[in-house]
Every structure is written in structure tokens, then in C-alpha cells.
2 protein chains.
Amino acid sequence: MGSCQHESELAGGVSQRIDTIINHAEQHCKTHGVRLTDKRKQLLSVLIGSEKALSAYELIDLCKAEFGKAIPAMSVYRMLQFLEDERLVHKLNLANKYVACAHISCDHAHSVSQFLICGECSKVDEISVPKQVFAELEKNVEEAGFHLITPQLEINCICNDCKKGNKH
Amino acid sequence: MGSCQHESELAGGVSQRIDTIINHAEQHCKTHGVRLTDKRKQLLSVLIGSEKALSAYELIDLCKAEFGKAIPAMSVYRMLQFLEDERLVHKLNLANKYVACAHISCDHAHSVSQFLICGECSKVDEISVPKQVFAELEKNVEEAGFHLITPQLEINCICNDCKKGNKH
DNA sequence: CATGCAAATGTTACAATGTATCATTTATTA
DNA sequence: TAATAAATGATACATTGTAACATTTGCATG
């Protein structure tokens, strides 16, 4: 697997960065024969613009603040499901929150993602641990008579800022 | 750290096994100056007797079935909190369910627990991966600017039985 | 034993999260 | 443009979890 640029490090301002990623998402959907509608795009752009993982209802509030109209909860859950199916968004079950995939603009597939979730401020980092470490873990799982279903690990952490006692 | 006998492998029948563990739990509470009341004991024994992780409301139903009286949700959540604080029970945030600690009868502390959670049937196994594997993982977490708070990893899996398509 | 205090549990009323069902709107295609 | 499928909206609920206050229980002490 080649290295890739983390999307938070893309050049340009914030909204330009979001546009770039959204463009990639649109391209992705086009080639998959599915539609990235305006509403879905709104949701995704809010997630991309957020440092933190967001709950469905936080998303509703933010969309309302940014776009003026409240999206019903039912619709938000459906759109999140769509975005998850298209691997544009990850659901963090540990926190019941959602984050944009950190690699939407990358072409290559990412094998294993670990999500570090700050329990204080919900900041999330999506990292990839070395294959070998993950392979070790998987070996132990298999020995216990279980099988990994998603190569996704969610880890409860505290981020540097919160550890230092900074407010947000 | 010494090796230890997994509690599901204790000799004797099921209810005897539960009694044995409960006795250890009582001893534990006595030395910690807290009370393992009858209700708390009921809850704990249901959890010990269950192969699967149980939600708070599943616990309410099972307690009602076994002991005749329904415990209010509020009380159940409080008792679960108590049992968690005493490290007799683990909360699995991935599944919003609870399991009895697999090592109540062991004297020594267990450093790092990984919970393998079957997404089909909620069966849970509490394993310990080698220290070195965990240390590797932790190193990656630190490099990302995060810190582990609980040495607890929850992993979405499917168990052998469910993979084979067995019904429960 | 009575009394008083603290811990534990119960009750009520909600808040928050998530979904089933049916209605409506929007896009696509013949 | 009409027919159809996909997406979204609206309503009503189910489930999960908690805040606030009331009651009961266990325990120490006079």
C-alpha cells in the first residue's frame, strides 16, 4: 500500500478543502452508480468540516444552523446509512457518533482503520497501525474462536488538549 | 503475571460455579468496605450465568423471570455502575451491554482485557493479548497525540457458531 | 430498644436516540 | 408527459438512559 496524504493536511482554506473532498466523493458515487444528493452532500460536508465526531442529532442542529432547514431525524439516519455504505463516513459505535472518512480523496483502499476517540471532546483521529500488529491481534481473536468482521478498531482515549486541561 | 483459570472452566455445575464466583465477589466487596446487597447479587449472578452480554433492559427481564420482582431501570443502572466501579462487571460500549468480569475469582490484577463481541448473538469472550502487541498499539496511539484511558479494547466479531449459521 | 443518619432502592417524569410506516416529493426513463 | 423508482418528509412510537425527589433499609449510638 502506498502512503497517502491525510486530508486534514490538504492545502488551501477550510472550505476549499471541503470542496475538494466533496468533489472526490461525487466522483466516487458517480462511478458506483449512486447519487450524492444535495442533502447527503450537506451532511457529508458538515462531517468533513468537523474536528469531532458528531451524533445524529448534533448533525441535525449543525445542518439547521448552516443551511437553515431542519432535516428530520429519520432522514438523517438514512443518509448516514447511505454514506456509511459508500464508505464515505464511519459510524463509531463506541460513541454513537459519526465521522467523515479521512481518506475520501485517496484512491487506494485502506486496509485497517483505528479510531482514537477522545472521551472528553469527541475529537477523532483515524490511524492505521502496522499490518503486523493488527495481524497479531487477529491471531488472538481467531484462537479464541471468533472472527473479525470489520477491520475497524475503536479506542477510547483522551487527546493531548483535554489531558492538558484545555477547554473547548 | 501468573496464568489463571478461566471462570467458565471452573469445576462443578452451573449454579455451583455461580455461587463460587459470587462468594469471591462478596469477599472482594468486604475487603473494599462496600456492600454487595441482595439486589446487586441478583444482578451479578444473572450476568455470571449468561453466555451473552446483556443490556440493562434484558437484565430487568431476566431478573424478573428469575426472582419474580421487576427492578426499576433507574436502580439497574445504578447497580451496574456500582458493579462496574468494583470491577465485577464490564460495560461494553460497542454494544451497550454488560458482562460479568471473567476474572472475579482470580486474585491477581489483569492488565489489559479485550472483549470479542459477536455481533450476531452477543456472545462475549474476554481475552488478553500479549503485552507486546498492546504496547505496539499504544505506541501508535501516543504518536497520534492521544492517550489510552482504559486498557480495554472492544472488538466487533462473529463467533464460530454464528459463522457456521447455527441458530440460538 | 428507639433514634437518627447514611446508603440503597423506588417512583415519576423526562431527555435522548433510533426506527417502522405511510405520505410526499424528486429524479429518471420510456 | 406519464409511469416508475429513489429519496425525503411526517407521524407515531420503541428503546435507552437519567434527573429529582420519595421511601426504605442497614447500622451505629445513646
Side-chain angles (χ1 to χ4, degrees), chain A residues 25-26 29-30 32-47 52-64 66-86 88-99 117 119 122 154, chain B residues 25-26 29-30 32-47 52-64 66-86 88-99 117 119 122 154:
Chain A
E26 274 188 309
C29 287
K30 195 165 289 177
H32 281 68
V34 295
R35 282 166 36 201
L36 189 62
T37 63
D38 286 350
K39 291 281 167 65
R40 288 166 174 171
K41 217 180 293 183
Q42 280 182 16
L43 222 59
L44 181 57
S45 70
V46 169
L47 278 172
K52 320 182 313 167
L54 298 173
S55 74
Y57 284 84
E58 286 170 341
L59 269 167
I60 291 175
D61 291 345
L62 287 174
C63 281
K64 171 135 188 208
E66 186 156 347
F67 303 104
K69 186 143 172 279
I71 306 174
M74 187 72 255
S75 298
V76 167
Y77 281 106
R78 279 189 294 226
M79 293 170 196
L80 286 171
Q81 184 64 57
F82 169 88
L83 294 170
E84 231 194 312
D85 292 343
E86 294 303 319
L88 299 170
V89 157
H90 299 287
K91 173 170 189 186
L92 303 177
N93 294 297
L94 261 191
N96 275 332
K97 289 172 192 282
Y98 300 81
V99 285
I117 309 168
S122 293
E154 305 177 26
Chain B
E26 274 189 308
C29 287
K30 196 166 288 175
H32 281 68
V34 295
R35 282 167 35 201
L36 189 61
T37 64
D38 287 349
K39 292 282 169 64
R40 287 167 177 171
K41 218 180 292 182
Q42 281 183 15
L43 223 59
L44 181 56
S45 71
V46 169
L47 279 172
K52 320 182 313 169
L54 299 173
S55 75
Y57 283 84
E58 285 169 341
L59 269 167
I60 290 174
D61 292 343
L62 287 175
C63 281
K64 171 136 188 206
E66 186 156 348
F67 304 104
K69 186 144 174 279
I71 307 175
M74 187 72 255
S75 298
V76 167
Y77 281 107
R78 278 189 294 224
M79 292 170 197
L80 286 171
Q81 184 62 58
F82 168 87
L83 294 170
E84 231 194 313
D85 291 344
E86 294 304 317
L88 299 170
V89 156
H90 299 286
K91 173 170 190 186
L92 304 177
N93 294 295
L94 259 191
N96 273 334
K97 288 174 192 286
Y98 298 83
V99 286
I117 308 168
S122 292
E154 305 175 28

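Letters go in sequence order (proteins before strands), and every chain restarts at 1. Because only heavy atoms are used, hydrogens play no part in the values below, and waters and symmetry mates are left out as well, while side chains stay in.
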A:L36 CG to D:dA6 P, straight-line distance once rounded to whole Å: 17 Å
Short side-chain N/O contact from B:R40 to OP1 or OP2 of C:dA8, under 4.0 Å: yes
Integer-rounded Å distance: D:dG17 P and B:L54 CG: 13 Å
N/O-N/O pairs, protein side and nucleotides 18-22 of chain C side, under 3.5 Å:
| from | atom 1 | to | atom 2 | distance (Å) |
| --- | --- | --- | --- | --- |
| C:dG18 | OP1 | A:N96 | OD1 | 3.3 |
| C:dG18 | OP2 | A:Y77 | OH | 2.6 |
| C:dG18 | O5' | A:Y77 | OH | 3.2 |
| C:dG18 | N7 | A:Y57 | OH | 2.9 |

d(CD, B:Q42; P, C:dT9) in whole Å: 10 Å
B:H32 NE2 - C:dA7 C1' separation (whole Å): 19 Å
Touch class at under 4.0 angstrom, heavy-atom based, for A:P72 against every strand present: sugar-phosphate
Touch class at under 4.0 angstrom, heavy-atom based, for A:S75 against every strand present: base
Listed nucleotide nearest any side-chain atom of B:T37, set D:dA7, D:dG9, C:dA8: C:dA8
Whole angstrom value for the distance that separates C1' of C:dT26 from CE of A:M79: 12 Å
Phosphate contact (C:dG10 OP1 or OP2) by B:K39 side-chain N/O below 4.0 Å: yes
Between C:dA8 (P) and B:Q81 (CD): distance, integer Å: 13 Å
Heavy-atom pair with the smallest gap, counting every atom of A:E58 and A:A53: OE1-O, 3.9 Å
Validation row: A:D38, A:K41 side chains within 4.5 angstrom (heavy atoms): yes
CG-CG distance between A:L54 and A:L47, expressed to the nearest 0.5 angstrom: 5.5 Å
Trace of the side chain to side chain contact (heavy atoms under 4.5 Å, CB included) decision for B:K30 with B:R35: CA-CA 7 Å; B:K30 196 166 288 175; B:R35 282 167 35 201; over 6 Å; no
Check against side chain to side chain contact (heavy atoms under 4.5 Å, CB included), A:K91 and A:N96: CA-CA 7 Å; A:K91 173 170 189 186; A:N96 275 332; 4.2 Å; yes
Sugar-phosphate, base or nothing in reach of B:K97, heavy atoms under 4.0 Å: nothing
Gap between atoms CG and P, on B:D38 and D:dT24 respectively (whole Å): 18 Å
Any B:V76 side-chain heavy atom under 4.5 Å of B:K39 side chain: no
Validation row: A:E86, A:H32 side chains within 4.5 angstrom (heavy atoms): yes
Spacing between B:E58 atom CD and D:dA14 atom P, to the nearest angstrom: 18 Å
